[in-house]
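Heads up, the thing below is written out as structure tokens.
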Amino acid sequence: MACASNYFALVAKPNWRLLQYRVDMSPDIDHTGVRKALLYHHKATLPKFMFDGTVLFTTTRLNPNDAPIVLTSTREHDKATVTITIKLVGEVQPTDYHYMQFFNIVLRSAMEKMQLELIRRNYYDPKASITLGQYKLELWPGYVTSIRQHESQILLCCEISCKVLRTDTVLEQIEEIYKRTGGAGQFRPSVEKALLGAIVITRYNNSTYRIDEIAWDKHPSDEFEGRNNEKITYMKYYTDKYNKSIRDPKQPLIVSMPKVREQRGGVSGPIYLIPELCNMTGLSDEQRANFQLMKTMGEYTRQGPDKRAETLAKFSERLSSKPEIVEELQAWNLKFSKDLIQFRARILEPEMILGAGSSKATYQLDNADWGTAFRKWNSFSVGNCQKWAVVFSNRDEAVTKEFVNSLKKVAPSLGMSMGSPKIFMLTDNRPATYIQQLDQVIDMKPAIVMIVIPNNKGDHYAAVKKKCCIEKPIPSQCVTSTVLSKPKGLMSVATKVAIQMNSKLGGEPWAVKIPLKDTMVIGYDTYHDSAQKGRSVGAVVASMNSTFTKYLSVANLHTNPAQELNDNMCPAIAKALRKYAEINGNLPARIIMYRDGVGDGQIPYVMEHEIAAIQNCFRAAGLTDDQLLFTYIIVSKRINTRFFKMGGKPSNPPSGTIVDDVVTLPERYDFFLVSQSVRQGTVNPTSYNVIKDTSGLKPNHLQKLTYKLTHLYYNWPGTVRVPAPCQYAHKLAFLVGESLHKEPSEQLEQVLYYL
């Protein structure tokens, strides 16, 4: 398939090279600014160069015979003569760190010449901002750019991004909470819960800060020491420096601790900010729940492939039409290609979805979804659901009974048999009432409990899950009454819930054909605990059978990487190996691990520590290196690469598209796979980076296996973005980090109780 990607090639003149020179000055000068000024006196006589105070980069030889060059300058303040010696160090190799750094500096100066604002790492265009007045939001379109050496050439990756700024200030937020709580005992904790950790932007200098604490005892009328040790109030400082007047002298101040980089730059103490002058960024949970708002915003933020390709073309047009940028690049003998890079991509065949007996389903290339097959389906295997219970509050009686009838209707069409449940009606819907009733219900030993909760806002879900996953382990299915009260689509909700209940009971709704024998697939993902800062959850999900449809799931909490490895990941893998041997009578001959939740910066740590620890764990279980085939793959979902299917107007590539050339990296064994289908916007590929591989599988086989595994996530009758074990691990880590905050019971390990 003809395919384009959001990359532009960097075209250099033939035999282009980057040279590095060392600059020495005598007498010796420490101050970088002065060193730069002294060298810039000679700007007219030297070719175009880049100088950071000690090292000089240029693309033209300074001296044909490479002998050192000696120049003299006069120092401003004492008129002393300074001798400058410039020696050739050598040619910078493409693999060298400085090589890419040079291109990124050239790119940065080009972005600045386009009059874009740098916020954190990306460039945004405030002039083209879109205001959504009714929602108090402003969207700044922008670009995420990076330059690196790809398989055969240097490419500039450009992804369209949007910065969401709220027009409401932090002070307005505080006032709103004051109204809501009446300023009573809950006021301060509520403000802290809403604001701590949020990122704010100060519009007077477009800087972003993270709120680390709230100084209730400080006010804008307080004084602080200015530059020349004179006292000045915050109010006067902002009036003088930024011409901003502050109307509320009694508001508290917010505190932001300087980032490590700023500490190096000499900012030592905390930074105090005025709530009235800070705007919130990002969306609040309330705004996310507002369907109309998200829909309106999606029109701008979720561009379709044709629109996105057009926006990228405009970007390249801006790069190549601004005279200052063209001049600068010409001085370096460089230019960017005007068109998106194009290449061929492969498409994997759609999979056959298998049920029990003769049940089979297929799907279309452009929409990998087989939800329609469940009107008449035999599940691959079913759990026993004769004895089960339903708990609900009195106001949901009618909808619950109707829903239970729908469930009993759809069960046979999925090959399941469902008995009539025992019904328990509560007098009110307080979480405590649910818990008391659950205690009695669980003692009757049903196969699964269904709990109808009022909504997903309050503490009902967490309370129910704590009871059913930790204290009295039992498969549980929560349904919100908001979903049940919508008459439209109740049957399709019932079908989805029935499949989910079957999975929680240890059933297997469907399978795909995977011809690998004696293989275990492990998925690993992490999630940060929402209750306690600095604590994370790691989840290991390992396959237990040859169809990769039954799993052992273990979740642990940890506070640092070493603990994550030694106390959590390795014991969990050891446990999975023991269980596998117990079920299959032998240890696996091949293990494939998909590791999610690793940023690019953590790859060296993973290579040095994690893989070694995992291999020790295999040895301890009795698998020696020579008999075990081991593959370790890092899965990355948050990437800036996008693909467009070409030929006609750009469209989304179909599910099963594989790209493993041109835009991949030369030092990696990596590939991109588009596994899911999307209805709106541009599809996000997933990147797979194979870090260790002793399996002897061909790349083609590994890609096929990965694609097959994206079909086995039982909460969705279609393909997902990552292999199923990874998605299960994410779901488990999410449950523990969001609701449980404690390790779940061992008794449920062999079923997918967390779906």
Side-chain angles (χ1 to χ4, degrees), residues 1 3-7 144 146 150 157 159 161 302 305 308 343 345-351 363 365-369 512 521-527 539 541 548 592-600 602-603 606 631-645 652-665 668-691 693 697 699-713 715-716 718-731 733-734:
M1 175 185 83
C3 180
S5 183
N6 57 335
Y7 288 84
V144 181
S146 65
H150 288 265
C157 172
E159 163 62 346
S161 117
R302 278 198 301 267
R308 191 172 289 248
F343 47 86
R346 300 201 314 283
I347 301 173
L348 300 175
E349 293 286 309
E351 290 293 324
Y363 54 87
L365 250 185
D366 54 350
N367 185 13
D369 185 327
V512 293
V521 173
I522 303 175
Y524 185 88
D525 200 356
T526 49
Y527 187 79
V541 174
F548 305 102
I592 298 165
M593 178 152 174
Y594 289 97
R595 169 76 153 96
D596 206 336
V598 181
D600 262 4
Q602 296 164 298
I603 293 179
V606 164
T631 309
Y632 183 103
I633 305 174
I634 290 181
V635 182
S636 315
K637 300 185 289 297
R638 296 190 184 166
I639 53 172
N640 293 321
T641 306
R642 298 285 176 272
F643 299 124
F644 309 106
K645 179 178 172 185
N652 277 325
S655 174
T657 301
I658 290 270
V659 173
D660 57 7
D661 195 13
V662 184
V663 294
T664 45
L665 297 174
R668 289 186 185 175
Y669 168 10
D670 60 345
F671 61 92
F672 293 100
L673 165 65
V674 173
S675 49
Q676 80 284 28
S677 303
V678 296
R679 298 224 173 89
Q680 57 201 142
T682 310
V683 72
N684 273 341
T686 304
S687 145
Y688 296 89
N689 178 9
V690 184
I691 280 192
D693 183 30
L697 287 174
N700 174 10
H701 291 153
L702 212 47
Q703 292 162 2
K704 267 194 177 146
L705 170 72
T706 304
Y707 185 49
K708 282 173 187 284
L709 287 169
T710 63
H711 292 70
L712 292 174
Y713 181 63
N715 246 2
W716 174 250
T719 52
V720 287
R721 278 188 67 180
V722 295
C726 265
Q727 189 68 30
Y728 288 133
H730 165 73
K731 191 85 172 145
F734 178 79

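No hydrogens, no waters, no symmetry mates; every other heavy atom, side chains included, goes into these values.
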Go through the steps for T641 and Y7 under the test side chain to side chain contact (heavy atoms under 4.5 Å, CB included), then give the verdict.
CA-CA 8 Å; T641 306; Y7 288 84; 2.8 Å; yes
Test item: T710 and Q676 side chains (from C-beta on) under 4.5 Å apart, heavy atoms
no
Do any N or O atoms from the side chain of Q727 and from the backbone of L712 form a donor-acceptor pair under 3.5 angstrom?
no
More than 12 non-hydrogen atoms from neighbouring residues, nucleotides or ligands closer than 6.0 Å to NZ on K708, yes or no?
yes
Full working for side chain to side chain contact (heavy atoms under 4.5 Å, CB included) between F643 and V663:
CA-CA 10 Å; F643 299 124; V663 294; 3.9 Å; yes
Without hydrogens or angle criteria, can the side chains of R642 and T682 be said to hold a donor-acceptor pair below 3.5 Å?
no
Considering only heavy atoms from C-beta outward, does the side chain of P350 approach that of L365 to under 4.5 Å?
yes
Hey, mind stepping through D525 and F734 against side chain to side chain contact (heavy atoms under 4.5 Å, CB included) and telling me if it holds?
CA-CA 9 Å; D525 200 356; F734 178 79; over 6 Å; no
4.5 Å side-chain heavy-atom contact, P725 and F548
no
Please tell me if the side chains of R346 and T657 come closer than 4.5 Å, counting only heavy atoms from C-beta onward.
no
Value for CZ (R668) from CD1 (I691), rounded to nearest 0.5 Å, stands at 7.5 Å
Spacing of SG belonging to C3 relative to CZ belonging to F644, to within rounding of 0.5 Å:
9.0 Å
Is the backbone N or O of D670 less than 3.5 Å from a side-chain atom of T664, with the two atoms forming a donor-acceptor pair by type?
no
Test log, rule side chain to side chain contact (heavy atoms under 4.5 Å, CB included), inputs V598 and N689:
CA-CA 11 Å; V598 181; N689 178 9; over 6 Å; no
Check the pair E351 / K704 against salt bridge (charged side-chain N to carboxylate O under 4.0 Å, His left out), numbers first and verdict last.
CA-CA 10 Å; E351 290 293 324; K704 267 194 177 146; over 6 Å; no
Could you give the side-chain donor-acceptor pairs of residues 632-640 under 3.5 Å, partners two or more places apart or in another chain?
unit_1, atom_1, unit_2, atom_2, d
Y632, OH, E610, OE2, 2.4
K637, NZ, D596, OD1, 3.2
K637, NZ, D596, OD2, 2.7

Note, D369 side chain near W716 side chain (heavy atom, < 4.5 Å):
yes
To the nearest 0.5 Å, atom CG of L673 lies from atom OG1 of T686 at 6.5 Å
Out of curiosity, S675 OG to I658 CD1, how far, rounded to the nearest 0.5 Å?
9.0 Å
Sidechain-backbone polar pair: N652 side chain, G681 backbone, donor-acceptor under 3.5 Å
yes
Between H711 and Y363, what is the ring plane arrangement, given parallel below 30°, perpendicular above 60°, and tilted in between?
tilted
Contact check, side chains of K731 and N715, non-hydrogen atoms, under 4.5 Å
yes
Can you list the residues that meet the side-chain contact (heavy atoms from CB on, under 4.5 Å) rule with L705, with sequence neighbours excluded?
I514, L516, I592, Y594, L709
Applying the ring-ring contact (aromatic ring centres under 6.0 Å, His included) criterion to Y688, which one of F671, F672, Y707, Y669 satisfies it?
F671
At their closest point, which heavy atom of T526 faces which heavy atom of A733, and how far apart are they?
C-CB, 4.3 Å
A side-chain contact here means heavy atoms from C-beta on lying under 4.5 Å apart; do P654 and I347 qualify?
yes
For A368 and S677 the tightest heavy-atom approach is N-OG, 2.9 Å
Closest heavy-atom pair and its distance - P685, R721
O-NH2, 3.7 Å
Are any of the side-chain heavy atoms of T706 and P723 separated by less than 4.5 Å?
yes
